[in-house]
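To keep things clear, I will list the structure first and then write my remarks on it.
Residue numbers begin at 1 in each chain, while the letters A, B, ... track the order of the sequences. Below, each value reflects all heavy atoms present in this structure, side chains not excepted, and no hydrogens, waters or symmetry copies.
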Amino acid sequence: MRRRATTSLPRPGYVLIIAEKPKAARKIAGALGLKGFGRVYGVPYWYGYYRGEYVVVSSTAGHLFTLVTDRHSYPVFEYRWVPRWEGERGASFLKKFYSALKALARGAKAFVNACDYDIEGSVIGYLIIKELGDVRRAKRAKFSSLTPQELRKSFQSLMPLDWDMIESGLCRHELDWIWGINVSRAIMHMFRRVMSYRKPLSAGRVQSPALQQVINREIERRTHVPLPSYSVVAELVAPNGEVLKVDLAAGLRTREEARELMARIKAIGYAIVKNVVKKDERIAPNPPFNLPDLQQEASRIYGISPAEVLRLGEGLYLDGVISYPRTNSQKLPPTLDTDSILRSLGRLSQYSSFVPRAIGRRPVQGSKTDPAHPAIYPTGQLPKLPMPERKWRLYDLIVRRFIASFLDPVIVSTVNVDAAFDDVVCFKIKGRVVKSRGWLDIYPFTDIKETRVPLLSPGDELRLKSVKIKLQLSRAPKRYTKASLLRWMESVGIGTEATRAEIIETIVRRGYVEVKSGYLIPTELGFQVAFALSEFFSEITDVSLTRKFEEEVESVRLGRKRRADVVTEAKEFLEPRLNHVKELIDSRDRASLLRALKVVKDEVVPRCVICGRVSYGESLGLPLCVMHYIAAEKMCESYRRWREAEGISFGDFARRLLKMRSAGDYVREVAEYVVTHGLNISDK
DNA sequence: GCAAGGTC
């Protein structure tokens, strides 16, 4: 497109088309064949005639308006929309978009909201037209992708403003604001009064369930009581003399059971091969990245955090070397000229040998989709080198995943051997060898474990060389990393591609969790906030609040409910509870507040006999804090299994727990108390 | 100051 840059505003009397971002505005202008180009306040616009109509296309950069209130207290249900650059820190870059659209709106005779066709896009465009233009002279462009055909089609049949969609979007904003601001203020009030804590605290529909998840996992780990199970493992000698290590049985409940099995196996002395099945398995390449997959892989392979992936990805996108990164799609656009992208990538020596194998083929596609954007792919425009190391690594990962998606599957030869010691025990021996490396050389980050097995045929004898019993202890689940927490958020459907990483940073910034060796560990403050929320606003700690919002917002979109009614319901639900909490805090009933925060150390009675925190309840006949209480209860529960498995006394069980590294620290502390005070649970 | 959601 030839551009004639101008520094002044276009001649008035045009239809102003508003896109969600500058890149989209450029695509729309291209599709409509607009040749004129100019800038206002540095913001680009395009102009010209489309089907006889004089039009101007420009854009915002996401939300230009936000909700604010003038009230400083809570409950608060009065709010209004204001330009974001006025108040919000870090939003000053929006001022030029605001000024530009305001100036362009003055010369417009009509408006088109051409933001992404989703509820946020409807809100973004609507608020701009409402605040800076005139909604009575506005229409909506409806398109599902930014391809020229789709865009032209949408402008040939412009729709009236999509009021139900706008109302549902406004409703989502208001619900999140009402819940988030009010609950945040309530807990700040509480922590200020009770603990003299003065830093900002927060709660919200997405961040609070994420925090709760980290807390639950930590409680599980720290109150973990390992449970026993037994396996029988043996060394067998194949006819060719090779020694094989095999699990003959696993998951046995008692040591006695395992001993019996072992004795019978020893008496027989050899196993017979029953069946041998050889097969080739094909492992297809992964589809091109969407953002969650990229965040996961960058964290796994290079330890780059999800938020940094988003930041680096945005940089690569603005450099023009990759497509839009905030996407959930694993599919490439059907019209994409993949061959010319591949040819261009082939000019980089890292990739040149793979490109010929990829050209002329179709890529693997994933099942995930996105209403606004395709999967992340290299545009074929090559990056300026050198670039910072981590940025390069991310780019390289994206390119490799892209090229891999065109290549042959990895072929793995597998062998499955069934064998048995008479009718005493059947077992399997499995082997795997990579036969053809396929896409594995360009994307070598997948570890395909190889196990070799000697050549065996039915009827072969496997002589027993040795056999023993192995005690297996159940392990506590792993702590979350930023990447695995993000995965969890995605799996339960909270947050969006663009926000999840930043929301994880928020719970870190608040001091709710710390990052140690990549793992998220809740702080005392995090525990206290989570307990306070569960006590007074339990809904906000659960992902089901998002489900509820989605249902409400959807019913507004379908015109079945009015936004005002949904907002009123939320207000009527929250207001009495906020007032109740406020009264409790103002009543200075310190003891009940401390009990609600659960893990506070204070002079209040009764206290945990082990750690001095406020008591939560009695277990083993002792007043215990919530964590030692859970640990003690789990110990009593698990003792039944240990007695069945090993026939040991409660005292011996406690002594063994002290030595188990996989036992949670709260469990070991309770065990130590049990040992030193000679406690028993026979009376339970 | 506090949310979640867009995008630079």
Side-chain angles (χ1 to χ4, degrees), chain A residues 19-25 42-44 59-76 79 81 84-85 87-98 115-116 118-128 168-192 197-211 310-311 313-319 324-327 372-373 489 494-507 509-510 529 537 540 545-546 549-550 553 570 574 578:
Chain A
E20 191 161 314
K21 45 193 166 286
K23 288 238 156 141
V43 174
S59 86
T60 173
H63 280 289
L64 202 47
F65 294 87
T66 190
L67 288 169
V68 296
T69 184
D70 302 317
R71 303 254 333 259
H72 294 282
S73 181
Y74 73 96
V76 52
Y79 43 78
W81 291 97
R84 285 184 53 205
W85 59 267
E88 205 175 314
R89 63 187 189 304
S92 54
F93 74 93
L94 281 173
K95 186 168 184 188
K96 63 177 188 178
F97 289 96
Y98 176 85
C115 296
D116 294 353
D118 50 33
I119 72 171
E120 294 303 328
S122 292
V123 169
I124 291 167
Y126 164 74
L127 286 172
I128 290 167
S168 70
L170 294 172
C171 187
R172 203 280 305 151
H173 279 267
E174 292 178 42
L175 286 175
D176 272 327
W177 191 92
I178 288 172
W179 275 82
I181 301 297
N182 278 296
V183 176
S184 296
R185 286 184 179 183
I187 58 166
M188 270 187 274
H189 182 204
M190 186 179 301
F191 278 68
R192 193 176 177 120
Y197 190 84
R198 284 168 185 283
K199 289 186 204 154
L201 296 173
S202 61
R205 173 178 59 83
V206 180
Q207 65 171 271
S208 296
L211 171 62
L310 187 50
R311 193 175 58 73
E314 264 159 14
L316 291 165
Y317 165 68
L318 293 174
D319 295 344
Y324 193 74
R326 283 180 292 252
T327 175
H373 309 283
M489 293 168 76
I494 59 171
T496 69
E497 276 60 49
T499 58
R500 284 180 202 123
E502 191 45 48
I503 285 171
I504 293 171
E505 296 305 316
T506 298
I507 64 176
R509 194 165 51 244
R510 296 273 175 262
V529 167
F537 304 100
I540 210 169
L545 187 63
T546 291
F549 277 24
E550 281 168 353
V553 164
L574 275 172
L578 290 160

Taking the side chain of [X] as its heavy atoms from C-beta onward, which of [options] lies nearest to it?
X      : options             : answer
A/Q207 : B/dG5, B/dG1, B/dA3 : B/dA3
A/M188 : B/dA4, B/dA3, B/dG1 : B/dG1
A/R89  : B/dG5, B/dA3, B/dC2 : B/dC2
A/V206 : B/dG1, B/dA3, B/dG5 : B/dG5
A/I181 : B/dT7, B/dA3, B/dG1 : B/dA3
A/R510 : B/dC2, B/dT7, B/dG5 : B/dC2
A/S184 : B/dG1, B/dA3, B/dT7 : B/dA3
A/K21  : B/dG5, B/dA3, B/dT7 : B/dT7

Requested in this report: Answer yes or no: is there a donor N or O on one side and an acceptor on the other, between the side chain of A/S92 and the main chain of A/W85, under 3.5 Å?
Outcome: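 Checking the backbone N and O of A/W85 against the side chain of A/S92, no donor-acceptor pair under 3.5 Å is found.
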So what does [X] hit on the nucleic acid, given a heavy-atom distance under 4.0 Å: a base, only sugar-phosphate, or nothing?
X      : result
A/L67  : base
A/N182 : nothing
A/I178 : nothing
A/E20  : sugar-phosphate
A/G121 : nothing
A/T60  : nothing

What is the distance from [atom1] of [X] to [atom2] of [N], rounded to the nearest Å?
X      : N     : atom1 : atom2 : value
A/L545 : B/dA4 : CG    : P     : 10 Å
A/E88  : B/dC2 : CD    : P     : 10 Å
A/Y197 : B/dG1 : OH    : P     : 15 Å
A/E174 : B/dA3 : CD    : C1'   : 13 Å
A/I187 : B/dC2 : CD1   : P     : 12 Å
A/D176 : B/dC2 : CG    : C1'   : 13 Å
A/H173 : B/dG5 : NE2   : P     : 9 Å
A/E497 : B/dT7 : CD    : P     : 11 Å

Query raised in the report: So do the side chains of A/L578 and A/F537 get within less than 4.5 Å of each other, counting heavy atoms only?
Result: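 Contact flag for A/L578/A/F537 side chains = yes.
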Query - Min side-chain heavy-atom separation A/E20-A/E120 under 4.5 Å - result: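 A side-chain contact under 4.5 Å is absent here.
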Query - Side chain A/R172 and base B/dG5 donor-acceptor under 3.5 Å - result: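 There is none.
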**Report entry** Base B/dA3 paired with A/S208 side chain (donor-acceptor, <3.5 Å)
**Finding:**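 No, no donor-acceptor pair under 3.5 Å.
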Hey, does the side chain of [X] come within less than 4.0 Å of [N]'s phosphate (OP1/OP2), counting only N and O?
X      : N     : answer
A/R326 : B/dG5 : no
A/T499 : B/dA4 : no
A/Y324 : B/dT7 : yes

Report task. List the steps, then state whether salt bridge (Lys or Arg N to Asp or Glu O under 4.0 Å) holds for A/R311 with A/E502. Result -> CA-CA 10 Å; A/R311 193 175 58 73; A/E502 191 45 48; over 6 Å; no
Query - Full working for side chain to side chain contact (heavy atoms under 4.5 Å, CB included) between A/W81 and A/L67 - result: CA-CA 5 Å; A/W81 291 97; A/L67 288 169; 3.5 Å; yes
Report task. Tell me, please, which residues at least two apart from A/T546 pass side chain to side chain contact (heavy atoms under 4.5 Å, CB included). Result ->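 For A/T546, the residues satisfying side chain to side chain contact (heavy atoms under 4.5 Å, CB included) (neighbours in sequence not counted) are A/R205, A/I494, A/E550.
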Report task. Using side chain to side chain contact (heavy atoms under 4.5 Å, CB included) as the criterion, list what pairs up with A/L64, not counting sequence neighbours. Result ->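 Residues passing side chain to side chain contact (heavy atoms under 4.5 Å, CB included) with A/L64: A/T60, A/L94, A/F97, A/Y98, A/L101, A/I128.
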Query raised in the report: Which residue lies toward the 5' end of DNA chain B, A/P22 or A/F65, if each is placed at its nearest nucleotide?
Result: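 This one resolves to A/F65.
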